[in-house]
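Each chain gets a letter, A, B and so on, in the order its sequence line appears, and its residues count up from 1. These numbers were taken from a predicted model, which means no experiment stands behind them.
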2 protein chains.
Amino acid sequence: MLRISRLTDYGTVILVYLAQRGDRLCSASDVAAETHVALPTAQKLLKVLAKAGLVESTRGSEGGYCLARPPSSITAAEIVDALEGPVAITECSTEASQCELESMCHTGGAWQRINQAIRDALADVTLDELDCPPPAARTPAHKTAGVTARQQR
Amino acid sequence: MLRISRLTDYGTVILVYLAQRGDRLCSASDVAAETHVALPTAQKLLKVLAKAGLVESTRGSEGGYCLARPPSSITAAEIVDALEGPVAITECSTEASQCELESMCHTGGAWQRINQAIRDALADVTLDELDCPPPAARTPAHKTAGVTARQQR
DNA sequence: CAATATCGGACTATTTTAGTCCAATATGTT
DNA sequence: AACATATTGGACTAAAATAGTCCGATATTG
């Protein structure tokens, strides 16, 4: 259905939470408790985010995670890239793969354009914008105004 | 990885082929042979596309499929909608679902905006634009210029 | 009436995604 | 120095979405 994975969704919530905490370190347990993401899942996500360089980790007692950069410099595109790999609408956008079977593959350029447009849209939103529902302005004409779902398990 | 499903990819190829054929009827076997999509899969896709109103079907001997509307009036958004349901980046964009757990769901408005941007990008591309690599103009600055992959089975 | 082709649904297999767990390592405290 | 706490890394299982297949029914043409 052309959606981001649940893990990416959870990961975003976690990042938003870390953004709210500022520079203070948060253990994985803290994050899980506050965001209502299952602990093992939160641990997994924090590991991935750390490897991607979006959060920094401190080991040992009193250790924990915090954002590696200010929230205004982290974009949705980076988050998606970190959690589910580079955006690639069509299959061959990433790998060479066995295409061009007799050059009958007429679809191509346009999907690349769409892909780029999506990337642009993602790059345009930063973490601090994800923090809170829009400041009453922006684009108020949305039909399905429900808030993002999130379930415990 | 935020990609369209393979079926949607195949479906697009099929629609492009039908567009090239103009008003002439094509049997599912024809389509499968020409597009190199497995026959049962092509049948399935054509059924879905017919139900969505993108193609018209004629039964009986000498029957087949053809586009229901001119290619310039069919957008990528419609194709995606038909083949994998409405675009909904986040889980609750579609159903009410059990969200707002203690109103700690701060992520919301921004994803809706991203979702809308993606829809706009999809709505901006029509079937005849998907037909062929871009007419040398548009946005020539794309890095990954590979053509979309498609494999037999 | 026979041949061809869509229609509609059910069904299986495959792949991707979620989620869990455990041993190892690092840091601070007693 | 030893212990408690917390990250790290990888492997592993379970669940769900996606792909792909098949069959009987229906409609149309010759």
Side-chain angles (χ1 to χ4, degrees), chain A residues 1-11 13-14 18 24-33 35-66 68 80 82-85 88 91 94 149-153, chain B residues 1-11 13-14 18 24-33 35-66 68 80 83-85 88 91 94-95 149-153:
Chain A
M1 286 184 213
L2 195 58
R3 60 162 57 167
I4 60 175
S5 70
R6 235 175 299 175
L7 282 183
T8 302
D9 198 356
Y10 296 162
V13 172
I14 288 176
L18 288 179
R24 282 170 293 181
L25 291 183
C26 300
S27 71
S29 316
D30 277 357
V31 171
T35 60
H36 294 136
V37 172
L39 176 57
T41 303
Q43 292 174 324
K44 182 181 187 174
L45 286 169
L46 285 166
K47 279 187 269 188
V48 174
L49 292 171
K51 183 178 286 184
L54 293 181
V55 306
E56 276 174 357
S57 63
T58 306
R59 283 193 163 195
S61 169
E62 296 294 303
Y65 296 89
C66 68
V80 171
L83 291 172
E84 46 191 299
E91 204 142 38
T94 40
R150 210 93 45 198
Q151 65 256 38
Q152 180 73 305
R153 40 163 302 129
Chain B
M1 286 187 212
L2 194 59
R3 60 164 56 166
I4 59 175
S5 71
R6 235 174 299 177
L7 283 182
T8 303
D9 198 357
Y10 296 161
V13 173
I14 289 175
L18 288 179
R24 283 170 294 181
L25 290 183
C26 299
S27 72
S29 317
D30 277 356
V31 171
T35 60
H36 294 136
V37 172
L39 176 56
T41 303
Q43 291 172 325
K44 182 182 187 175
L45 285 169
L46 285 166
K47 278 186 269 187
V48 174
L49 291 171
K51 183 179 286 183
L54 293 181
V55 306
E56 275 175 357
S57 62
T58 307
R59 282 192 165 195
S61 169
E62 295 294 302
Y65 295 90
C66 69
V80 171
L83 291 172
E84 46 191 298
E91 205 142 41
T94 40
E95 314 157 25
R150 209 95 45 201
Q151 66 255 36
Q152 179 73 305
R153 41 163 304 126

Under the rule for side chain to side chain donor-acceptor pair (under 3.5 Å), what residues qualify as partners of T41(B), not counting sequence neighbours?
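T41(B) satisfies side chain to side chain donor-acceptor pair (under 3.5 Å) with no other residue.
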
Tell me: [atom1] of [X] to [atom2] of [N], nearest whole Å?
X	N	atom1	atom2	answer
Y65(A)	dT5(D)	OH	P	17 Å
Q43(A)	dC22(C)	CD	P	12 Å
D9(A)	dA18(C)	CG	P	10 Å
L45(A)	dT17(C)	CG	C1'	12 Å

Residues in side-chain contact (heavy atoms from CB on, under 4.5 Å) with S29(B), at least two apart?
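If we apply the side-chain contact (heavy atoms from CB on, under 4.5 Å) test to S29(B), skipping adjacent residues, the hits are S27(B), L39(B).
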
I need the minimum non-hydrogen distance between A28(B) and A42(B), along with the two atoms involved.
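Nearest heavy atoms, A28(B) then A42(B): O-CB, 4.4 Å.
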
Heavy-atom pair with the smallest gap, counting every atom of G11(B) and L49(B)
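The pair with the smallest heavy-atom distance is O-CD1, 4.4 Å.
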
Pairs under 3.5 Å (N/O, protein and nucleotides 26-28 of chain D):
| residue | atom | partner | partner atom | Å |
| --- | --- | --- | --- | --- |
| dT26(D) | O2 | R59(B) | NH1 | 3.2 |
| dA27(D) | O4' | R59(B) | NH1 | 2.7 |
| dT28(D) | O2 | S61(B) | N | 3.2 |

Closest to side chain of [X], choosing from [options]:
X	options	answer
S27(A)	dT7(D), dT6(C), dT21(D)	dT7(D)
A38(A)	dT17(C), dT20(C), dT21(D)	dT20(C)
A28(A)	dT7(D), dA18(C), dT6(C)	dT7(D)

Residue closer to the 5' end of DNA chain C, G63(B) versus S5(A) (nearest nucleotide)
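Looking at DNA chain C, the more 5' nearest nucleotide goes with G63(B).
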
Residue whose nearest DNA chain C nucleotide is more 5′ - E62(A) or L7(A):
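Looking at DNA chain C, the more 5' nearest nucleotide goes with L7(A).
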
Passing option when Y65(B) is tested against V31(B), L54(B), V55(B) for side-chain contact (heavy atoms from CB on, under 4.5 Å)
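Filter result, single survivor: V55(B).
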
Polar atom pairs (N or O), protein with nucleotides 10-12 of chain C, under 3.5 Å:
none

Separation of K47(B) NZ from K51(B) NZ (nearest 0.5 Å):
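One gets 9.5 Å once the value is rounded to the nearest 0.5 Å.
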
Could you measure the distance from the NZ atom of K44(A) to the CG atom of L83(A)? Nearest 0.5 Å is fine.
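Reported value, rounded in 0.5 Å steps: 11.0 Å.
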
For residues L2(B) and E84(A), determine if any side-chain heavy atom of one lies less than 4.5 Å from a side-chain heavy atom of the other.
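Sidechains of E84(A) and L2(B): in contact.
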
Does some side-chain heavy atom of L46(A) sit less than 4.5 Å from a side-chain heavy atom of L18(A)?
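They are in contact (side-chain heavy atoms under 4.5 Å apart), so the answer is yes.
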
Does K47(A) contact dG10(D) through a side-chain donor or acceptor facing the base, at a distance under 3.5 Å?
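Pair found.
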
